[in-house]
Undergrad: 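Encoded as structure tokens, here's the structure I'll be asking about.
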Amino acid sequence: MIDFMVRRHVVRGSHLLTDEHAAYRVLDDDYTRQPVSHGRREYVCGAAHANTNEGFWSIFKRGVMSIYHHVSDKHLQRCLDQFAARYDTREHEEGERFDHFLQATVGRRLTYQELIA
């Protein structure tokens with residue numbers, strides 16, 4: 001299942017930072033994978049670590065469970081984009097973050113009909 005989702009959404013040849021979970025090994029032919037071994041209490045190996053990744057997914061899962069309760073396949077990418085934008089600007093001041101998001105909407109409009117299509 002992991003390999004299906006990665007192959008569906010990640011460009012082949014990309015560099016993956018993972019933990020040592022066996023399910024990731026099937027990706028080694030198509031991706032450059034750099035694992036860390038949490039089982040050996042290894043959390044950083046050179047430039048490889050999974051801490052940022054694990055932190056993001058933890059925040060995303062808590063957000064979905066507490067705010068949305070469910071996200072359909074149709075809207076998953078938009079939801080991920082929203083959480084990624086918030087995560088990427090987590091260290092910005094509130095006004096700076098607002099300005100950033102407002103500037104990102106210039107010239108873009110999502111109508112209700114597009115949303116439900």
Side-chain angles (χ1 to χ4, degrees):
M1 180 63 153
I2 289 175
D3 61 322
F4 170 75
M5 295 304 287
V6 171
R7 283 185 169 85
R8 183 174 173 196
H9 297 284
V10 180
V11 175
R12 283 192 168 79
S14 295
H15 189 95
L16 304 179
L17 304 176
T18 71
D19 60 20
E20 76 276 19
H21 195 283
Y24 293 120
R25 290 186 198 134
V26 299
L27 300 169
D28 289 348
D29 289 340
D30 296 323
Y31 300 91
T32 302
R33 190 173 65 90
Q34 196 171 356
V36 293
S37 179
H38 293 314
R40 290 184 292 184
R41 299 196 181 284
E42 177 183 70
Y43 299 98
V44 177
C45 181
H49 66 83
N51 298 341
T52 306
N53 188 26
E54 290 169 354
F56 172 81
W57 288 111
S58 173
I59 291 169
F60 176 74
K61 287 189 282 186
R62 275 185 274 140
V64 168
M65 290 167 41
S66 65
I67 298 169
Y68 302 107
H69 306 294
H70 172 76
V71 177
S72 68
D73 288 348
K74 177 180 178 181
H75 297 292
L76 178 60
Q77 188 60 58
R78 282 195 170 102
C79 191
L80 284 166
D81 290 344
Q82 175 195 28
F83 274 86
R86 286 201 261 159
Y87 190 81
D88 290 345
T89 59
R90 67 192 178 279
E91 295 179 5
H92 292 184
E93 295 293 326
E94 197 171 306
E96 182 183 10
R97 185 186 232 190
F98 179 79
D99 289 344
H100 172 79
F101 291 147
L102 191 58
Q103 287 174 0
T105 65
V106 172
R108 298 171 64 186
R109 181 176 174 229
L110 176 65
T111 66
Y112 180 72
Q113 289 304 318
E114 291 172 315
L115 183 64
I116 63 169

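Everything numeric in this text was worked out from a predicted model, so none of it was measured. Positions are given from 1 along the sequence. Heavy atoms only: backbone and side chains are in, while hydrogens, waters and symmetry mates are out.
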Undergrad: For a quick test of reading the model, state the closest non-hydrogen atom pair linking Val71 to Cys79 and the distance between them.
TA: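 That closest heavy-atom pairing would be CG2-SG, 3.9 Å.
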
Undergrad: Between Gln82 and Arg86, does the side-chain contact (heavy atoms from CB on, under 4.5 Å) criterion hold? Intermediate values first, please.
TA: CA-CA 6 Å; Gln82 175 195 28; Arg86 286 201 261 159; 3.5 Å; yes

Undergrad: If I take atom CG from residue Leu80 and atom NE2 from residue His9, how far apart are they, to the nearest 0.5 angstrom?
TA: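 Spacing of CG (Leu80) from NE2 (His9) equals 8.5 Å.
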
Undergrad: Taking all non-hydrogen atoms of both residues, which atom of His15 and which atom of Gln34 are closest, and how far apart?
TA: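 Heavy atoms of His15 and Gln34 come nearest at NE2-OE1, 3.0 Å.
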
Undergrad: Just grab all the salt bridge (Lys or Arg N to Asp or Glu O under 4.0 Å) pairs involving residues 70-80, residues at least two apart or on different chains.
TA: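 Of all non-adjacent pairs touching residues 70-80, none passes salt bridge (Lys or Arg N to Asp or Glu O under 4.0 Å).
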
Undergrad: Any idea how Phe60 and Phe56 line up, ring-wise: parallel (<30°), tilted (30 to 60°), or perpendicular (>60°)?
TA: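 Phe60 and Phe56: parallel rings.
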
Undergrad: I'd like to know if the side chain of Arg8 reaches the main chain of Met5, judged simply by a donor and an acceptor atom lying under 3.5 Å from each other, with no hydrogens or angles considered.
TA: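 Not at all, since once roles are kept as given, no pair shorter than 3.5 Å links the two residues.
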
Undergrad: Of the non-hydrogen atoms in Arg97 and Thr89, which two are nearest, and what is the gap between them?
TA: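 Arg97 and Thr89 have their closest heavy atoms at NE-OG1, 3.0 Å.
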
Undergrad: Would you say Glu114 has more than 12 foreign heavy atoms packed within less than 6.0 Å of its CD?
TA: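 Counting other residues, nucleotides and ligands, CD of Glu114 exceeds 12 neighbours.
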
Undergrad: Answer yes or no: are there more than 12 heavy-atom neighbours, outside His92 itself, under 6.0 Å from its atom NE2?
TA: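 Yes - once you tally the heavy atoms of other residues, nucleotides and ligands closer than 6.0 Å, there are more than 12.
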
Undergrad: So which heavy atom on Tyr31 is nearest to which on Val11, and how close?
TA: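 Smallest interatomic distance, heavy atoms only, reads CE2-O, 3.2 Å.
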
Undergrad: Should Val26 and Leu17 be counted in the same cluster of Ile, Leu, Val, Met, Phe, Trp and Tyr side chains packed under 4.5 Å apart?
TA: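 Hydrophobic grouping puts Val26 apart from Leu17.
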
Undergrad: Taking atom CD of Glu96 and atom CD of Glu91, what is their separation to the nearest 0.5 Å?
TA: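 The CD atom of Glu96 sits 10.5 Å away from the CD atom of Glu91.
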
Undergrad: Could you give me the CA-CA distance, side-chain angles and deciding distance for Gln77 and Asp81, then say whether side chain to side chain donor-acceptor pair (under 3.5 Å) is met?
TA: CA-CA 6 Å; Gln77 188 60 58; Asp81 290 344; 2.8 Å; yes

Undergrad: Of all the heavy-atom pairs spanning Phe83 and Ile59, show the shortest one and how long it is.
TA: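 For Phe83 and Ile59, the tightest heavy-atom pair comes out as CE2-O, 3.9 Å.
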
Undergrad: Heavy-atom count check: over 12 atoms from other residues, nucleotides or ligands less than 6.0 Å from Phe98 CZ?
TA: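 Not more than 12 within 6.0 Å, no.
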
Undergrad: Linking I/L/V/M/F/W/Y whenever any side-chain heavy atoms sit under 4.5 Å apart, do Val64 and Ile67 land together?
TA: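 Yes, same cluster.
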
Undergrad: Membership question, hydrophobic clusters at under 4.5 Å side-chain separation (ILVMFWY): are Trp57 and Tyr68 in the same one?
TA: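 Yes, it is one cluster - the side chains of Tyr68 and Trp57 are joined through contacts under 4.5 Å.
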
Undergrad: Output every pair passing salt bridge (Lys or Arg N to Asp or Glu O under 4.0 Å) with a member in residues 23-40, not counting sequence neighbours, ordered by first then second residue.
TA: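 Listed once each, the pairs are Arg7-Asp30, Arg12-Asp30, Asp28-Arg33.
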
Undergrad: Which pair of heavy atoms, one from His38 and one from Glu54, lies closest together, and at what distance?
TA: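 So the minimum-distance heavy-atom pair works out to NE2-OE2, 3.0 Å.
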
